[in-house]
Every structure is written in structure tokens, then in C-alpha cells.
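Right, one structure below, let's go through it.
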Amino acid sequence: MPRTSSKKGSANSTSSGTSSTVDLFRAASGKAASKELERIDQLFYNYANSSSRIIDPEGIESLCSDLELDHTDVRILMLAWKMQAEKQGYFTLDEWRTGFKALRADTMVKVKKALVDLEKEVRRSSNFIDFYSYAFRYCLTEEKQKSIDIESICLLLDLVLGSQFHPQVDALNQYLKIQIDYKVINMDQWMGFYRFCNEISFPDFSNYDPDHAWPLILDNFVDWIRSK
Amino acid sequence: MSSGQKKRNFQIEAFKHKVVVDPKYAEKTWKVLEHAIHEIYNHNASGLSFEELYRNAYNMVLHKYGEKLYSGLVSTMTFHLQTMSKSIEAAHGGSFLEELNSKWSDHNKALQMIRDILMYMDRTFIPSTRKTPVHELGLNLWRDNVVHSDKIQTRLLNTILELILRERTGEVINRGLMRNIIKMLMDLGASVYQEDFEKPFLDVSADFYRVESQEFIECSDCGDYLKKAERRLNEEIERVSHYLDVKSEAKITNVVEKEMIANHMLGLVHMENSGLVKMLLDDKFEDLGRMYNLFRRVPNGLSTIRDVMTSHIRDTGKQLVTDPEKSKNPVEFVECLLEKRDKYDKIISLAFGNDKTFQNALNSSFEYFINLNPRSPEYISLFVDDKLRKGLKGVKEEDIELILDKVMMLFRYLQEKDVFEKYYKQHLAKRLLSGKTVSDDAERSLIVKLKTECGYQFTSKLEGMFTDMKTSQDTMQGFYATYGAELANGPTLVVQVLTTGSWPTQSSVTCNLPSEMLALCEKFRSYYLGTHTGRRLSWQTNMGTADLRATFGNGQKYELNVSTYQMCVLMLFNGADSLSYREIEQATEIPSSDLKRCLQSLACVKGKNVLRKEPMSKDIVEDDGFSVNDKFTSKLRKVKIGTVVAQKESEPEKQETRQRVEEDRKPQIEAAIVRIMKSRRVLDHNNIIAEVTKQLQSRFLANPGEIKKRIESLIERDFLERDNADRRLYRYLA
């Protein structure tokens, strides 16, 4: 950075036209940025499928192994959230650029470091709700799909809430697997789960009020636990 | 000259004549008056000159001897009253009151005269010195010297109370004397009447009725007790009218009500073998009416009766609707309900004065127990079905209306009106298709009633069914007008063309018709489609009937009235002597459950067994074989087999109807939610549940869980969303 500022200073002293100075500055910083971009793109092509020019599940697999992460690790989901990836198992160049520019990471070493900060960022409550709902949307793979089957929901719950609300997620998963009323879970119910874990004291449900318009599935869940 | 004249002034002096008043004047005059008062009290007034006495009294006041006159009056009168008091005290036993009464009237007369004599004092001296006027003074002195004298006060009270007690126990007393004595107390002022008589009277009465009611309740049943209480109450009212102050009526009736009714209310109502429940059971209108009229006088009296009646109706009603014996016969079940309703209607109108609160209690009780049995809607529809099939033959038009009105009343109690509607539609369809309906007027009258109750929506389909019947008749006439000659020798076909949607038809497999019928049906199809282009016809062979002519082995000819399925089966035996179950099934393609039922009615019903089954047994199994029963005989030439009478649904059918009802409710609940949210935009959970329930009340009782499910479904479909801040709120998304 000091180099840039000295350049700017020297440009001033040469008393050339102001506009050209700015241009010069822009060009210089642009050059640095484009260098970074180049490296990010480079990183992308390391994993992208050479013919489709996007990162497919195979590419993600090798990205994971380079990052020394399991592909089901929540941090991969966080990375996807940062990139705002639309389709599960695929990253496009645009998504990759958005994500990595925001992380300011253009080498694998930087990426690894950035992941630590990313996790902190996600866990901030203002971001977490967005991440949580993103996790649901990310799993909608089909056109016009609005709900997710129970089995996937259980896995997803464990992944995103398991570390924070372990007993709740355990009980909820157990219930979801034995109940027969619902085969799929929709966004409303999904958001209800988070609210429930976040607000309701567990396992006594002392502040659970069925008049508070909880999704029916949670009423049933509470009844089920209480009857146990 | 004038100056020399001496001025003379005239002076007129007052006439200085000293009026010498006789110093003994006051004393003398008073003596005259005093003497007069004595004479008055001694019944010797005839020799007195009123005019003279008046003048004397006037002069005394004028000459400022008012004070002397007044105090003289007080002491003279007191003297006489004390004498009277002595003579009253001396009176023995029964003559005591009479003596008191006569002295009282003496005193009153005397007082009257004295007041007249002292009129001037009464008018001028007394108001200016603020003394008590003569009449009032007389009463006060009487009160203090006679009524309140030691030896009279308690004796008087005890005598009066004693006499009242004697009257209560049936003796005749001198009411005129009583009236005079009580009147005296009243004349002496309200406080005297109340303190010296009324209060102790009420206390004594309370004790009396407390003891008496306890005796009564131990030795009489509820009805008798009430009669006695009613009599006592009337006696007390009568007593007041004869010799007590009118204001005492409310007080003494209050005492009787409290002691005889309020204190024993629960004991009476729940009295074993004669209490309210027993009266209700035995239709004791008179006793019930008496109880109502007595209990309404005391606080919580009516609510006590109402509560007991309500719980009795609920209990017996619950027994009725949950009795498995009663449920076996739906018609009887409903008749029992109507009977019960009539019974209580009569009780309320005859005994309870058509009290609105009792009618409401009756209605809510019925609503409570009728809905305890989930099959009530079905049974009520079956009852109507029974009435409209045969029950109304020979019944007058007004009576039909009466029965239908009663049915509508039961209908109103139903929470699940939509279930009734489902069944009603099914039963009506069967009635129309089998031509079993007795009176078109009655049918239409009921539909009009349902329309006022449930609105146009529901009945439009029912009306559509009637229209279909009429149109079908015309169509058949047209068909036979065109092809009549050609078809004269074949079988006759009657088709009822039913509009899809109006009828409770289930999509069913068309069975294989006998070839002669099939040809005829095809002919009709081409005729019908020729006149109505763009329509589709499908045959509902599960709903038809047929008349067959059959000749049996011994040459006997019968006309058989059977269902279309049964016809298909029987026609097979024209070409074969015996057939196995499997062969029949294959040839007709009738669904197996229907086929089994149809074979059962052809082979297993005594007297109607036109087929013989091998082996002989009650149930049809797939290995059975069938042949024509050559030995079939019947007294009647026309034999009706396997009628399609609407019967109580079987368990799986019931489940299916239930499910259809539940399915139909979903869009109704959703529509209600959307309607409400559209107008309210934002609403909290509890209110939305309450409003939806209210809106749908006239159709069915919506389950809160189901409403919640529908809300969630609407959220999923982006009609609604949850509020971000307040999670109880829903927002409408336009």
C-alpha cells in the first residue's frame, strides 16, 4: 500500500493534469484488483470442469480435500452462502468471484484463514437467520420445489443447528422420523424450527404457548414430548 | 293682629284608662277549660258550650297565657291517660285488647273535641313557639303513658303475636279488633308500628316457619311441601290485607320465602323419589308449575331449577344417544329424540310459563347430547327418508309440515350440518331413482326449509336432481315416440339421465349387460347423443332396477322386481342350468362385494330364494355353485327381491363419507380464512380461529387444528405470511 500512495504523491508533484493523475491511480489500483481477480479466477479454474467451465460436484470434492474438510462440513455450506450459490453442488464463476472477493482470499492459504472468520460472521445472529433460510433454499434442487423430504431435513437440521441446539435437534429429529402426518417440510415450518430452538426453553417448554401460532407440527412435537 | 294672637296648640292625649285585668283571670279561665277537659274525658261533654270554651281559650292565648294553657293541657291529659292506663292494666285476659281499644277510641274522640276548643292555640301559639300541635301531642301522650307503659308494652305485643299464632294454627280470631289495634300502632307513627310490632312479628314468624318447614320437609314429599308452602304464603298475604300495614306484605312474604323455600331449595329439588327429576319424569305439570312460581320468588331459585333440569336432560339424552340398542334402529332413535323434545316443550309451556331462559337451556342441552353421537346427522336423514318413503301415507298435509318442522329443529341442533347434507343427498337420490318418494310436495317443502336454513348453495343441487327426473321422463317419452313401434316386442328401458355433480354418484365400473339390454341401451345412447350433442353418457348399473318375468320348473310364473345387477345374474340362467360363482363374476364383471351381496339376496333369503346355492350356507364364497330353484313358490305373483332401501351405513362406508366430508371442508375453511384476512389484512391467531369458527358455525364445527393446517397451507401458497416481529400475527398477501 505505501507504494501506491507514493506513486500518487509523485504524480501530484509532476503537476500534470488532475484527470490523468486520477486515471493513473485508477489504473494502478485497478491493476492490483485485476491481479487479485486473476488469481481468484485461476483458483476457480483449478476446480472447474474444463468443458462446462463451472465447478461441479467433482470439483467441490477436490476443493474440499484441498481445504481438508469433509464435503458435508457446515463450512462448505457457509462458503456457498457467501457465494450465494444458487444450485446445490455447483459454483459458477460469478458466484465464485462474489464469494472470494468478499472473503479477500485469492490463495488456498488465505481461503483456509478466511473460513475461520466466515464461521464467526455466520454465527452472528443478524446473519445466521439469513444463512439458516439460505440452507433450506439451497437444498431445493427442482424447479418449483417448495418443500424438502423429512430425511434431508433431519440431516440439514443437524448440520446447521446441531452444534448450537444439540438436545432440541436430537429430539426434533427423533420425532420427525416417527411421525406420519408429514412427509415433507416447507419453508414456514423450517423457519419455525429455528424460532422454536431459539425461543423456547427446553426440555420443559415452560414458555410454549400454542396460541402463538406455531406451525402445527411443533404443537404435535410438544404434545409428543410431553406425553413421553 | 295676628301677632297678638296666641298660638294654641291642641294636643290629643291617649286615653289613659288603665285596663285592669283581673289578676286571677288566667287562673279562672284555665279552671273553666280544665273542668271542660275533665268533663270531656268523663263522657259528659253534652252540657258544655263550645263557643264559650273556644272564646276562653282564645282569650288566654291573646292575653299571653298560651304557655299556661299548653302546660295545663299536657298535665290534664296526662292525668287522664294515666287513669286509662290503670284501667287497661287491670283488664283480664281476653278483655285486655278490647279495653285498650275502647279507651283508645275514647281518647280519640276526646282529643278531637279538645283540639276544636283549642283551635286558636293550635293555629297561632303552637307554631310560633314551636310546640307540638294538639292532635300529635295527644298521640304522643297516649304512646308514652299507655302503649309504652311498663305493664302494657310487652303484654300488648305478646297478646298480638299470640293471636296471630293462634290464627296460623287454624283458630278464628277477632280480626276487626286486631285491625283496630294495629291501626292504632300505625297512627302512632311508622316507628312505633315497626319497633313495637313489625320487627318482633317478623322475628317470631321466621322462627315459626323455620320450625314448621323443618317438620314439613321431614314428613312430606316435595309436591306436598310445595303445596303447604304455597298455602302459607297466601295466608300471610291475606293476613296483611286484613289487618296489617300493606308495606308489611313484602317483608312477611320475604320471611316465608326465605324460611320455607330458599333455605330448603336444594333439599326440595333433589328430594328422593319426589324431587324435580321425578316430577320431570312423571310430567307433573301442576307441581312443576308450583315449584316454578315459588322458586322464582327467591334469589337463584329459577337457576336452581334450570340447572337441575339441564343436567337431567343432558344425562338422559346422553344415555339415549349412546345406547347401542337405540342406534340399531335410526328411525326409532330419532323418534325418541322428538318425543323427548316434545315432552320438555310441553313442560316449559305448561309449567314454566314459556320462560325464555328455560327454552334456551333446553336447546343447548339438546345441542350438547345430539352431537355426542357422530351418527346423529345420518340418523336424522334416515328418519326423513323413512317418513318420505312410506311413513307419510294417509297423513294430512298439516301433519306432514309439523313433522318436517320438527326434523328441521333437530337439524338446527347439529353441529355437523354438512354431514347431514351429504347423507340427505344420498338418501334423496335413492328415493328419486327407485321412485319411492311418496309426496313431491313434502320433498319440495323440506328443500325450501333447508334453503332458508343453509342457503341456495346446498339446495341448488337437490333442485337439480328434481329437474333431472322431470327431463328424463320427457326424454323417455321422446325416445319411445320415435322408436316405439320398432321396440314393441323387446324389453322396455327406462333411463334416468343424471347431471354429473348434482348427484352423489360414485364412478363405478359398468357391468356387462345382457345382450338384448345392451342393444337397447346403445339405441338410447345414439338417440340421446343425437338430440344433445357434445355430451357423454355413462351407465350407472349399480343404481338401476329391473322387472323380470320368470317361469319356474313347475310352470309357475312370477314377476320379479330386482336390481340391475341381479337382473344380469338371473339372465345368465336363461342359457345355463347351473353356474359357479367365478363364471358369474366373469360373465357380468360386477364388483365382487356387490356381486356377493346380490347373490346373497337371490339365494339366501327365505321366501325369495329364486336361486339355489351349493353348498347351502348363509355366506357367499368364491367356490359356491348356483342353479335355478325349480321349487320356488311364493304367495304373491310379484316378488320383490333385495330392496334398495337406504340403510344405516356400514363401518367402511361411514369412514368414506366421513373422509369426503373432511375433504369438502378444507376449501370451505380456506375460503373463510381468505375472506376474513382479505378484509382484516392483519389478524392474530386466536381471532382468526374464532372468526373462522363463527363463520362456519352454520355448516359445521371447525376443528382448530384443521384451521391451523389450512392457514399453513395458505402460507405455503403465498396467500398469507407470518409477521416478522409479532409471531402471533398473520398478514394477507394480495
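Letters A, B, ... are given to chains in the order of the sequence lines, protein chains preceding strands, and every chain is numbered from 1. Computed from a predicted structure; not experimentally measured.
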Got a list of the donor-acceptor pairs under 3.5 angstrom between chain A and chain B?
unit_1	atom_1	unit_2	atom_2	d
K146(A)	NZ	E716(B)	O	3.1
N186(A)	ND2	E716(B)	OE1	2.8
D188(A)	OD1	R722(B)	NE	2.6
D188(A)	OD2	R722(B)	NE	3.3
D188(A)	OD2	R722(B)	NH2	2.6
E199(A)	OE2	R727(B)	NH1	2.4
A213(A)	O	R722(B)	NH1	2.6
W214(A)	O	K708(B)	NZ	2.7
L216(A)	N	E712(B)	OE2	2.4
D219(A)	OD1	K708(B)	NZ	3.4
D219(A)	OD2	K708(B)	NZ	2.2

**E58(A), CD atom: more than 12 neighbouring heavy atoms under 6.0 Å** = no
**Request:** For atom CZ of F719(B), decide whether the heavy atoms of other residues, nucleotides or ligands shown that lie under 6.0 angstrom number more than 12.
**Result:** no
**Message:** Within a 6.0 Å radius of atom CZ on R104(A), are there more than 12 heavy atoms belonging to other residues, nucleotides or ligands?
**Reply:** no
